[in-house]
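Below, each value reflects all heavy atoms present in this structure, side chains not excepted, and no hydrogens, waters or symmetry copies. The chains referred to below are lettered A, B, ... by the order of the sequence lines, with proteins before strands, and numbering in each begins at 1.
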Number of protein chains: 2
Amino acid sequence: MSRLDRSLIAGAPAFAGLSPEALDDILSRAQIMRLPKGETAFRQGEPADRFFLLLHGRLRVTRINAEGAQILVRFIAPNDMFGVAMAIGAVTYPGTATAAVDSLALSWPNAAWTNLIAAYPSLAVKAMQSLGARLQDTQDRVLDLATHNVEQRIAGAVLKLARQAGRKTEEGVLIDIPLSRQDLAEMTGATLHTVSRTLSAWEAKGLVDCGRRRVVVRDEQGLTAIAKHAE
Amino acid sequence: MSRLDRSLIAGAPAFAGLSPEALDDILSRAQIMRLPKGETAFRQGEPADRFFLLLHGRLRVTRINAEGAQILVRFIAPNDMFGVAMAIGAVTYPGTATAAVDSLALSWPNAAWTNLIAAYPSLAVKAMQSLGARLQDTQDRVLDLATHNVEQRIAGAVLKLARQAGRKTEEGVLIDIPLSRQDLAEMTGATLHTVSRTLSAWEAKGLVDCGRRRVVVRDEQGLTAIAKHAE
DNA sequence: CCGCGACTTTGCTGAGGGGCAAACAAGCGG
DNA sequence: CCGCTTGTTTGCCCCTCAGCAAAGTCGCGG
């Protein structure tokens, strides 16, 4: 088995500030895995036996309820840790993580978690902070759902994605993840029909430019205005 | 200054399993505070310099956005820790905690957090788990908002409150917190008008019995049916 | 190069529920 | 015990948006 180079994880905030030896130690317990587009790292309800770090690509995390309704919880970006169910005391994964594009991840067995945070306490602090940030985000989303209408919510979601996964092009900011109308609907609590209608209207006004699973933001200002205060 | 007795915090899950000496040590750095009904432990946006443990009473945590829209984030029960902004790397409190009834809390300066988790690592683990549970809860709430209609959401909220703060009476399960229509509206993303109409309809059907800031669940089964599947 | 499946668009309809307005309790302080 | 503040109820209107239906399109796999 070829050794993994420590540069793989040096960029992850969770491991920031650790010594090269520590990184090597951490890496020595990791397993690398390829996740071709469409494949899942784990599924909701499965026993949570490993945790992960995304090296490359993007994952989509979804959550489904008893009635079969689904939401898109978040996109995972490179250097994000995910599936840390053990840390939060969950025995099963609370969602499903699917590769939105061909991706590459490291994974560790759950048993490594306890050892690692004992050896590197900063890891626990970082994990808690990222959990806290996600809690804030999720609470903001509740506030958004409770107080904004659909058009405002879609605008907010698109702007957020543009910030998280935007790539500048000559036409505007391209959201660099395959993003269907259905995805946007599951992010905003709308139907794909309404999302489609809304994007069409925006396209007519020159705010965005979109195609099959593709959205380009042309007028960030305009969208921000809609997100804040639908006139 | 009178010493605080360790029995005060022995019941808190965060401190479960610690030795009496540890509890005394932790208590020695704490300050006790009375929170008469209506008073706040902290307000959203204030610099977060202390964290808390509720000893007695109930607190209501609210969060408000730039436009002035407000949601009720959660109720804090005795033995819950709250305001642990430092642990999650927040410099200001992300919400406002107000006493819903006369309450009693302990508080520690932020500086104590680092010392405490270093001395008692189980505290960090517990904190992470409770944070994880809250994240799960909040994500469920997003799913709820995105996929259920208002009546289902109100039913869900009432049932949850009955479980968290219910007290059996001869008429049914009384929710033992002053709970206005407005509160329920802020929990479910509805208007107080709609909440009022819904409760009136339920009262007519004998599902609940309610008055000023008071709700009694008479037919838990019936409410559960509504929450799951509005016919 | 064709066919099929996945994704998107658009029209129509109706109901859920928000906004507004006003009347109505129920405590609380004086 | 009265008046006022705070919380609640209810009616009416109208708009947003989901539901249903059906017709495109794009692109991949054979």
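In this structure, CZ of B:Arg214 is placed 16 Å from C1' of D:dT9, rounded to the nearest angstrom. Rounded to whole Å, the distance from NZ on B:Lys37 to C1' on C:dG27 is 11 Å. The CD atom of B:Glu151 sits 11 Å away from the C1' atom of C:dG16 (whole-angstrom rounding). Nucleotide D:dT25 holds its P atom 18 Å from the CG atom of A:Leu199, rounded to whole Å. As a whole-Å value, the separation of B:Glu186 CD from D:dG7 P is 11 Å. Note: CG (A:Asp183) to C1' (C:dT8) measures 13 Å, nearest angstrom. Following rounding to the nearest Å, B:Ile154 (CD1) and C:dG18 (C1') show an atom-to-atom distance of 13 Å. In this entry the distance linking CG of B:Leu192 with P of D:dT10 reads 13 Å, nearest Å.
No more than 12 heavy atoms of other residues, nucleotides or ligands lie within 6.0 Å of CZ in A:Arg34, so this atom counts as exposed by the packing criterion. Counting non-hydrogen atoms of neighbouring residues, nucleotides and ligands closer than 6.0 angstrom, the CD atom of B:Gln221 reaches no more than 12 such neighbours. Within a 6.0 Å radius of CZ in B:Arg43, other residues, nucleotides and ligands contribute 12 heavy atoms or fewer. Under a cut-off of 6.0 angstrom, the local environment of CD in B:Gln182 is crowded, with over 12 non-hydrogen atoms contributed by other residues, nucleotides or ligands. More than 12 heavy atoms of other residues, nucleotides or ligands shown are found within 6.0 angstrom of CD on B:Gln44.
Residue B:Thr194 has a polar side-chain atom (N or O) positioned under 4.0 Å from OP1 or OP2 of C:dG18. A close approach under 4.0 Å does not occur between any side-chain nitrogen or oxygen of A:Arg181 and OP1 or OP2 of C:dC7. For the OP1/OP2 pair of D:dT10 and a distance below 4.0 Å, the side-chain nitrogens and oxygens of B:Ser200 include at least one atom meeting the criterion.
When all heavy atoms of B:Tyr93 and B:Asp49 are compared, the pair lying nearest together is OH-N, 3.5 Å. The nearest pair of heavy atoms linking B:Ala227 to B:Gly156 is CB-N, 4.0 Å.
Relative to the side chain of A:Val150, the nucleotides D:dA18, C:dC7, D:dG7 differ in distance, and D:dA18 lies closest.
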**OP:** Would you check, one step at a time, whether the test salt bridge (Lys or Arg N to Asp or Glu O under 4.0 Å) holds for A:Asp176 with A:Arg167?
**Re:** CA-CA 6 Å; A:Asp176 208 6; A:Arg167 192 157 59 78; 3.0 Å; yes
**OP:** For the pair A:Lys37 and A:Asp102, evaluate salt bridge (Lys or Arg N to Asp or Glu O under 4.0 Å) and give the outcome as yes or no after the intermediate values.
**Re:** CA-CA 4 Å; A:Lys37 179 174 175 168; A:Asp102 289 343; over 6 Å; no
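A:Leu184 CG to A:Thr194 OG1: the interatomic distance, rounded to the nearest 0.5 Å, is 12.0 Å.
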When you compare the protein's N or O atoms with those of nucleotides 26-30 of chain D, which come within less than 3.5 Å of each other, and at what distance?
| unit_1 | atom_1 | unit_2 | atom_2 | d |
| --- | --- | --- | --- | --- |
| D:dC26 | O2 | A:Arg212 | NH2 | 3.2 |

Name the pairs: protein N/O against N/O of nucleotides 19-22 of chain C, kept only if under 3.5 Å.
| unit_1 | atom_1 | unit_2 | atom_2 | d |
| --- | --- | --- | --- | --- |
| C:dG19 | O6 | B:Arg197 | NH2 | 3.2 |
| C:dA21 | N6 | B:His193 | ND1 | 3.4 |

Would you be so kind as to tabulate the donor-acceptor pairs closer than 3.5 Å made by side chains of residues 74-88 of chain B, with sequence neighbours excluded?
| unit_1 | atom_1 | unit_2 | atom_2 | d |
| --- | --- | --- | --- | --- |
| B:Asp80 | OD2 | B:Ala77 | N | 3.0 |

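Within the 4.5 Å cutoff, the side chain of A:Leu179 has no heavy atoms near those of the A:Arg214 side chain. For the pair B:Thr96 and B:Glu46, the minimum side-chain heavy-atom distance is 4.5 Å or more. Side-chain contact check for B:Met33 versus B:Ser107: some heavy-atom pair is nearer than 4.5 Å. No side-chain heavy atom of B:Pro47 sits less than 4.5 Å from a side-chain heavy atom of B:Val91. At a threshold of 4.5 Å between non-hydrogen side-chain atoms, the residues B:Leu55 and B:Leu106 count as touching. With a 4.5 Å cut-off on side-chain heavy atoms, B:Gln136 and A:Pro94 count as touching.
DNA chain D is contacted by no residue of residues 58-76 of chain A, taking any non-hydrogen atom closer than 4.0 Å. A heavy atom lying under 4.0 Å from DNA chain C marks none of the residues of residues 141-148 of chain A. Only at 4.0 angstrom or more do the heavy atoms of residues 170-179 of chain A sit from any atom of DNA chain C, so none qualifies.
With DNA chain C read from its 5' end, the first of the two nearest nucleotides for A:Cys210 and B:Gly189 is the one closest to A:Cys210.
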